[in-house]
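So the structure is just underneath, and the comments pick up after that.
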Amino acid sequence: HVQLVESGGGSVQAGGSLTLSCVVSRRTYSHNCLGWFRQAPGKERELVGVIYTAASTTYYDDTVKGRFTIELGSAPNSVDLRMNNVKPEDTGMYYCAAGPDEVWTLGLCLSTISEGDYGQGTQVTVS
């Protein structure tokens, strides 16, 4: 299994910015699907977005489109979630995720990411 460790969470004021990072270990060349989920208190975990790394193509939920960006990090085997113009409703635990092995399209990444591995999460609080 792929192992994921998130960092970068914290408290931020509405309208501010925050960047979360995730280091992915045991990832092979065929692990092309990475993403971020979040879970607000009392709510179910929801998808924030995914990146199909082989083509650097992305998908975002409508609630974050235009404000959040998922991109490969500067560190090897890492993926970042850049959050701009954050809102109080962005508050929650953010989880990095790696989809199943041998995912070869963005569409398949989107449909299977929830079946993969997750990190422990990092808390984001927007006030």
Side-chain angles (χ1 to χ4, degrees):
H1 287 273
V2 172
Q3 293 183 334
L4 307 105
V5 178
E6 303 94 338
S7 63
S11 297
V12 59
Q13 291 188 338
S17 299
L18 197 64
T19 297
L20 307 182
S21 295
C22 173
V23 176
V24 185
S25 61
R26 300 183 182 177
R27 177 178 172 231
T28 68
Y29 75 97
S30 56
H31 277 106
N32 293 313
C33 178
L34 299 173
W36 290 88
F37 286 78
R38 67 185 179 186
Q39 186 168 18
K43 295 187 176 181
E44 294 186 355
R45 187 178 298 183
E46 62 179 11
L47 177 68
V48 174
V50 302
I51 181 168
Y52 173 56
T53 60
S56 293
T57 49
T58 53
Y59 165 88
Y60 300 97
D61 184 78
D62 285 344
T63 59
V64 305
K65 195 175 297 182
R67 301 187 298 120
F68 290 12
T69 301
I70 298 175
E71 57 190 10
L72 294 177
S74 56
N77 285 324
S78 67
V79 58
D80 293 342
L81 175 65
R82 299 187 182 277
M83 308 166 61
N84 294 318
N85 190 23
V86 295
K87 304 175 181 180
E89 50 264 43
D90 294 323
T91 293
M93 187 70 77
Y94 281 71
Y95 299 90
C96 182
D101 195 6
E102 297 187 346
V103 169
W104 303 114
T105 67
L106 177 64
L108 191 57
C109 175
L110 184 59
S111 63
T112 61
I113 183 96
S114 61
E115 302 170 12
D117 299 306
Y118 294 85
Q120 293 297 309
T122 186
Q123 177 68 35
V124 173
T125 303
V126 182
S127 59

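Atom CG of L20 is separated from atom OG of S7 by 8.0 Å, given to the nearest 0.5 angstrom. The CG atom of D117 sits 9.0 Å away from the CD atom of Q3 when rounded to the nearest 0.5 Å. Summarising the geometry, atom OG1 belonging to T58 is positioned 13.5 Å from atom OH belonging to Y52; distances are rounded to the nearest 0.5 Å. Within the model, atoms CG of L34 and CG of L81 stand 12.5 Å from one another, a figure rounded to the nearest 0.5 Å. With rounding to the nearest 0.5 angstrom, the CE atom of M93 is 5.0 Å from the CD atom of Q123. Here the CD1 atom belonging to I70 is positioned 12.0 Å from the OG1 atom belonging to T53, to the nearest 0.5 angstrom.
Using a 4.5 Å heavy-atom cutoff, the side chains of V79 and C96 are in contact. A heavy-atom distance below 4.5 Å is not found between the side chains of V103 and D101. A heavy-atom distance below 4.5 Å is found between the side chains of N32 and W104. Between S78 and S21 there is no side-chain heavy-atom pair separated by less than 4.5 Å.
Contact detail for S17 and N84: the closest heavy-atom pair is OG-OD1, 2.9 Å. Contact record, V86 with F68: CG1-CE1, 4.4 Å, taken as the closest heavy-atom pair.
Ion pairing of D62 with K65 is present here, as a side-chain N (NZ or NE/NH1/NH2) and a carboxylate O approach within less than 4.0 Å.
Sparse packing is recorded around CD of Q13, with 12 or fewer heavy atoms of other residues, nucleotides or ligands lying under 6.0 Å away.
Looking only at distances, a side-chain donor or acceptor of E6 sits under 3.5 Å from a matching main-chain atom of Q120. In terms of modelled atom types and a separation under 3.5 Å, the side chain of T112 and the main chain of E115 share no donor-acceptor contact. Side-chain N or O atoms of D80 include none that pairs as donor or acceptor with a backbone N or O of L72 at under 3.5 Å. The closest donor-acceptor contact from the side chain of T91 to the backbone of V126 lies under 3.5 Å. Judged purely by atom type and a 3.5 angstrom limit, T125 has no side-chain atom pairing as donor or acceptor with the backbone of S11.
V23 and V50 sit in two unconnected hydrophobic clusters of ILVMFWY residues. Membership requires side-chain heavy atoms under 4.5 Å apart, directly or through other members.
Aromatic rings from F37 and Y94 are positioned such that their centres are separated by 6.0 Å or more.
Applying the side chain to side chain contact (heavy atoms under 4.5 Å, CB included) test between W36 and each of I51, V48, L47 identifies V48 as the sole match. Just one of V64, V12, V124, T19 meets the side chain to side chain contact (heavy atoms under 4.5 Å, CB included) condition when paired with M83; it is V124.
A cation-pi arrangement, defined by a distance under 6.0 Å to the six-membered ring centre and an angle within 45 degrees of its axis, is absent between R67 and Y60.
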Quiz prompt | Stepwise side chain to side chain donor-acceptor pair (under 3.5 Å) test for T63 and R38 | solution = CA-CA 12 Å; T63 59; R38 67 185 179 186; 3.3 Å; yes

